[in-house]
Each structure stands twice: as structure tokens, then as C-alpha cells.
There are 2 protein chains.
Amino acid sequence: MDQPYDVYEERCPTRMVLDRLADKWAVLILDRLDAGPVRFNHLRRDISGISQKVLSQTLKKLERDGLVSRAAFATVPVTVEYALTPLGQTLTETVSALAHWAERNMAAVLAAQRAYDAAPRG
Amino acid sequence: MDQPYDVYEERCPTRMVLDRLADKWAVLILDRLDAGPVRFNHLRRDISGISQKVLSQTLKKLERDGLVSRAAFATVPVTVEYALTPLGQTLTETVSALAHWAERNMAAVLAAQRAYDAAPRG
DNA sequence: CAGGATCCGATCGGATACTG
DNA sequence: CAGTATCCGATCGGATCCTG
């Protein structure tokens with residue numbers, strides 16, 4: 001255990017942060033914003049499968065955590081751009097590492113699942 | 001967009017892997033196992049707050065994904081040790097990077113939340 | 001010790017309808 | 001365009017009891 005904070009303990013602030021990060025949608029949003037600022041509906045279209053409600057909720061949480069910024073422009077109709085904050089940018093390196101691990105190793109994971117499912121159990 | 005696979009698309013295998021990783025408990029378990037093999041109840045005690053049911057379920061998923069191995073020894077009573085597989089080990093580097101980011105930046109996140117909550121809204 | 005089975009409240013998250 | 005509000009089924013996850 002080389003960790004200053006004991007992440008295995010409840011009520012550990014690190015856990016709270018981990019809770020936010022351990023969200024599929026948050027990871028996808030963060031990763032998408034890494035490519036630059038995006039408008040709400042654009043984000044909605046890009047991340048297929050996310051509902052408007054969940055996108056809205058997740059963005060609000062990320063904004064509250066200081067990871068994402070929201071900028072509204074008084075155009076008609078209104079334009080809103082979401083972007084990574086400096087803090088958020090320090091996170092994307094790690095987040096994209098996770099995404100890339102998944103990409104590189106999904107074949108191995110899929111194979112492991114097939115082997116597991118094929119094995120006699122019970 | 002420098003990704004060969006489009007993780008923003010539904011039914012993308014990478015997303016499925018991400019789904020597994022985007023689980024607080026899975027991250028904590030993986031991180032804990034990085035320190036070496038651990039028995040079931042030991043894991044249960046170490047990761048405070050996790051229920052027996054969820055621990056069991058999560059371990060089974062991780063085993064199916066080929067990230068964690070399960071070894072039973074015919075002692076009395078039976079002893080079961082969970083450990084990282086080689087594949088799982090390739091993941092922990094990334095996972096612990098996430099945990100350490102949370103650790104280093106939780107103060108900033110907490111501050112952002114206070115600022116957000118203090119700001120007049122609506 | 002290492003779990004499986006069950007009950008059940010809480011939360012997640014999609015669909016739909018509406019608004020400034 | 002960028003959301004909010006509501007309904008509601010599905011899943012999550014804790015508590016409890018039981019077993020080899």
C-alpha cells in the first residue's frame with residue numbers, strides 16, 4: 001500500500017472523485033471534449049446512445065467538479081459551448097490512456113469471455 | 001479524432017470494455033489486487049463499504065473478462081485467492097494513474113464544487 | 001471461509017412532452 | 001438550440017439468511 005490516502009476506506013475524498021470518473025458517459029464526454037469545444041446537440045449526436053437527460057446531468061456534474069466549462073453566447077437561438085477546463089485537461093491524458101487500453105486489449109477481453117462462457121461451470 | 005475505433009459509436013467493443021472499467025468497485029478491486037493476491041473476505045474487509053454480493057458479482061465479471069484469476073485451495077475451510085492475470089496487470093498501470101490523479105487533484109475538485117455551489121444560479 | 005438466494009428500496013436512464 | 005419536467009421500467013446494490 002503505497003498510497004498516502006487510503007482509497008479503500010469509505011468517506012475518502014479520492015473515492016468521491018473516483019465515483020465521478022467511474023462513469024462511462026463522463027469518460028466519453030471528457031474524451032470527446034479533448035478534441036476541442038463542442039455544442040450541446042453536437043455532443044449529443046457524436047456520443048451516440050446518450051440521452052439528452054443523461055448528457056445534461058453528466059455535463060452539470062462535470063461542470064460542478066471544475067472539469068468542464070460552459071459558455072453561453074447570446075446568438076439566436078442561443079449557442080452553448082462546452083470545453084475542458086485546465087483541470088479537466090490534466091485528466092484527459094489519463095482518461096484517454098484508459099480508452100486506448102480498452103481499444104488495444106478488447107480482442108483479448110472478448111476472447112477471455114468466450115473461453116469463460118465455454119468452460120463448464122457450476 | 002485520432003482513434004481507429006470510434007468509441008463514440010454504440011455497439012463498439014471498446015465501449016463494452018469501458019463499461020466494465022467504468023465501475024468504482026472494479027477499479028478499487030483491481031487497484032487492491034495490484035499489491036498481490038488476496039482472499040475473498042480479506043478483500044471484503046479491505047475495501048470497506050462493498051457488500052458481499054457486489055464483491056462477488058464484480059469479481060465474477062472481472063474473471064470473465066480475463067482480468068482477474070481465481071484459485072481455490074482444498075484447505076479446511078476452503079481458501080480462495082484472487083489475483084491479477086497478466087492482462088489485468090497491463091491495466092493496473094492505467095487504473096492506478098486514475099486513482100493517483102484523483103488523489104492529487106481532489107482538493108481542486110472539492111474547491112470547484114464549493115465555488116459552484118456558492119455561485120448564484122437559476 | 002467463500003459464497004448463493006432472496007427481498008426490496010434507491011438510483012439510473014430512456015422516452016416523451018414542453019419551454020425560453 | 002439548449003435545455004427542463006415527468007413518467008416509469010430496469011438495474012444497482014445493501015441487508016439478511018442459508019450452505020458446503
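Labels below follow one simple rule: chain letters A, B, ... track the order of the sequence lines, proteins then strands, and each chain is numbered from 1.
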Result of checking B:L62, B:T94, B:D23 against B:L30 for side-chain contact (heavy atoms from CB on, under 4.5 Å):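 Output: one option passes, namely B:L62.
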Gap separating the CG atom of B:L18 from the CE atom of A:M106, nearest 0.5 angstrom: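 That separation rounds to 12.5 Å.
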Touch class at under 4.0 angstrom, heavy-atom based, for A:F73 against every strand present: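 Here A:F73 touches no strand at all.
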Sugar-phosphate only, base, or nothing, as touched by B:K60 at under 4.0 Å among non-hydrogen atoms: sugar-phosphate
Nearest whole angstrom, please: distance from the [atom2] of [N] to the [atom1] of [X].
{"X": "B:R39", "N": "C:dA2", "atom1": "CZ", "atom2": "P", "result": "5 Å"}
{"X": "B:D46", "N": "C:dC1", "atom1": "CG", "atom2": "P", "result": "13 Å"}
{"X": "A:H42", "N": "D:dA2", "atom1": "NE2", "atom2": "P", "result": "11 Å"}
{"X": "A:F40", "N": "D:dG3", "atom1": "CZ", "atom2": "C1'", "result": "6 Å"}
{"X": "B:N41", "N": "C:dC1", "atom1": "CG", "atom2": "P", "result": "5 Å"}
{"X": "A:Y82", "N": "D:dA2", "atom1": "OH", "atom2": "P", "result": "8 Å"}
{"X": "A:R70", "N": "D:dA2", "atom1": "CZ", "atom2": "P", "result": "10 Å"}

Presence of B:S56 side-chain N/O under 4.0 Å of C:dA2 phosphate oxygens OP1/OP2: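 The answer is no; no side-chain N or O of B:S56 sits under 4.0 Å from OP1 or OP2.
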Sequence-aligned protein contact record of nucleotides 6-20 of chain C, with B where the base is within under 4.0 Å of a protein heavy atom and S where only the sugar-phosphate is: BB-----BBB-----
For [X], what residues pass the side chain to side chain contact (heavy atoms under 4.5 Å, CB included) criterion, not counting sequence neighbours?
{"X": "B:L55", "value": "B:I29, B:F40, B:L43, B:R44, B:I50, B:L59"}
{"X": "A:E93", "value": "none"}
{"X": "B:D19", "value": "A:K24"}

Terminal axis angle for the helix from C:dC1-D:dG20 to C:dG20-D:dC1, five pairs an end, nearest 10 degrees: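 The value is 50°.
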Residue pairs, two or more places apart or on separate chains, that pass side chain to side chain donor-acceptor pair (under 3.5 Å) and touch residues 56-75 of chain B: A:Q113-B:D65, A:D117-B:R64, B:R20-B:D65, B:T75-B:T79
A:T92: side-chain hydrogen bond (donor to acceptor under 3.5 Å, both in side chains) partners, not counting sequence neighbours: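 A:T92 satisfies side-chain hydrogen bond (donor to acceptor under 3.5 Å, both in side chains) with A:D34 only.
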side-chain hydrogen bond (donor to acceptor under 3.5 Å, both in side chains) against A:W101, all qualifying residues, sequence neighbours excluded: A:N105, B:T90
Distance-minimising heavy-atom pair for B:Y82 and B:L33: O-CD2, 3.5 Å
